[in-house]
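Report on the structure given below.
One is the number of the first residue; the rest follow in order along the sequence. Counting starts at 1 for both ligands and their atoms, following the listed order.
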Amino acid sequence: MNAVSLDDYRTVTPKGTVQFLRCLGERVRGRRFLHVNSTRYGGGVAEILNRLVPIMTDLGVDARWEVIKGDAAFFAVTKALHNALQGREELITKAMLNHYAEINRENARHLPLEGDLVLIHDPQPAPLINYRPAEGKWVWRCHIDLSHPQRQVWRHLRKYVAGYNAAVFSLPKFSQQIPIPQFLVYPSIDPLSDKNRELSTDEIDEMLARMDIPRDKPILLQVSRFDRFKDPVGVIKAYRLVKKHYDCHLILAGGTAQDDPEGQEVLAEVREEAGHDPDIHILELPPDAHLQINALQRAATIILQKSLREGFGLTVAEAMWKGKPVVGGASGGITVQVIDDVTGYTVNSIEGAAFRIRYLLNNPVLMARMGEAGREYVRREFLITRHVTDYLTILAFLTS
Ligand code: UDP
């Protein structure tokens with residue numbers, strides 16, 4: 001896998017982690033583990049699979065990753081489904097649901113779907129279950145915040161989910177009443193990827209200079225797809241409240257994902273809200289801007305993830321790994337990553353976010369302490385080695 005070998009993880013993971021993984025790998029050696037999702041770039045799922053699949057291969061598992069294809073109408077439907085499942089009112093018609101099913105049927109015709117364990121990520125490819133081969137276990141992996149779904153939409157998806165052998169959720173409160181076993185698996189970050197590896201001061205300086213980011217005052221940063229659930233407009237409003245008392249920069253860095261058609265619209269709203277403030281930097285990044293994001297996170301003073309709904313929020317773990325305090329929306333996976341008053345603060349409003357940001361800016365010692373606590377918490381709970389361990393355990397359990 002790239003230039004990184006499994007043994008390199010010994011330097012960053014808790015003692016015994018790599019040895020345990022190798023033992024587990026022996027147990028499931030040669031088994032076929034297929035992942036299917038709807039985008040190879042952009043968003044947390046692609047971010048994880050890009051690193052998880054090579055590690056599984058390194059461990060002797062026959063790991064593969066397939067991506068379903070669809071037209072613009074399909075991704076408009078799946079984005080509406082995603083929004084509705086995360087609790088936003090969306091009108092989803094029968095024709096839209098038929099198109100959703102039809103595109104999955106077409107994908108099933110050409111995708112090689114054989115595997116001892118097939119992990120289907122999120123709602124987009126969920127209907128593939130109707131075309132499962134005779135052999136192999138199928139598991140639906142849900143990465144989204146299912147705590148308050150639009151009921152009718154969930155009832156529709158549930159018909160597909162009930163056909164799986166098991167489901168995996170990121171948080172206990174996302175689990176649903178379904179007639180199949182459910183597992184809890186936290187997502188993770190890769191400490192050795194370009195997104196998260198150590199960078200020298202020179203590298204950070206050079207990258208920030210290239211992006212035209214001045215270093216003359218504290219930097220508040222949110223890295224996210226331009227998506228309303230990530231509340232970028234709320235972030236700008238919070239920054240404005242902070243700015244009355246504390247001079248700082250705000251960076252909103254993001255791109256769009258292949259399977260997210262709303263990005264441009266939200267970006268336009270963000271630009272309008274930002275106006276001509278020279279201290280607000282809106283960066284549209286390409287999908288492979290991992291080193292740039294790494295450098296921005298390392299240069300930031302406080303990292304924000306003010307999501308109103310969040311499946312997990314990998315950006316929070318990324319920030320904590322870099323020793324930064326996080327002010328995050330009290331939603332989904334942010335609540336298990338940010339330990340209030342220890343690794344950062346969870347907030348419920350624009351005013352709350354502004355209050356906590358000001359409090360932190362006034363307490364540099366506290367920021368450093370929170371950063372250290374955050375890094376150790378991520379080391380224990382949210383590194384990719386733990387994630388691979390969880391998936392291989394499910395593989396061993398379901399296919400032994
Ligand atoms: N990300 C990125 N470029 C962007 C925006 C986000 O590489 O322009 C990355 C970010 O660093 C994180 C992932 O995409 O690793 C987003 O995952 P998260 O769970 O935070 O949110 P999602 O997009 O899956 O809702």
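For Gln305 and Thr315, the side-chain atoms include at least one donor-acceptor pair closer than 3.5 Å. Of the N and O atoms on the side chains of His290 and Asn196, not one donor lies less than 3.5 Å from an acceptor on the other residue. Judged by distance alone, the side chains of Asp190 and Tyr9 do bring a donor and an acceptor atom under 3.5 Å apart.
In summary, the atoms of ligand 1 found under 4.0 Å from a heavy atom of Gly313, numbered by their order in the structure, are 19 (O), 20 (O). Annotation for ligand 1: atoms under 4.0 Å from non-hydrogen atoms of Ile293 are 2 (C), 3 (N), 4 (C), 7 (O). Listed by number with element, the atoms of ligand 1 under 4.0 angstrom from any heavy atom of Lys195 are 2 (C), 7 (O), 9 (C), 10 (C), 11 (O), 15 (O).
By the 3.5 Å distance cut-off applied to N or O atoms, Gln297 is not counted among the residues near ligand 1.
In terms of protein heavy-atom proximity, atom 18 (P) of ligand 1 is nearest to Leu314 N, 3.4 Å. Protein heavy atom closest to atom 23 (O) of ligand 1, with residue, atom name and distance, is Arg225 NE, 2.7 Å.
The residue Val316 has no part lying near ligand 1, judged by heavy-atom distances below 4.0 Å.
Tyr100 approaches Ala126 most closely through the heavy-atom pair OH-CB, 3.9 Å. Closest heavy-atom contact between Leu241 and His245: O-CD2, 3.5 Å.
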Tabulate below the donor-acceptor pairs under 3.5 Å that side-chain atoms of residues 371-385 make, not counting sequence neighbours, or state none.
unit_1, atom_1, unit_2, atom_2, d
Arg375, NH1, Trp321, O, 2.8
Glu376, OE1, Arg379, NE, 2.9
Glu376, OE2, Arg379, NH2, 2.9
Tyr377, OH, Val336, O, 2.9
Arg379, NH1, Val12, O, 2.9

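Heavy-atom proximity to atom 12 (C) of ligand 1, evaluated over His143, Gln86, Glu318, is greatest for Glu318. Across the listed options Ala46, Gly44, Gly42, Gly255, Gly44 owns the non-hydrogen atom lying nearest to atom 16 (C) of ligand 1.
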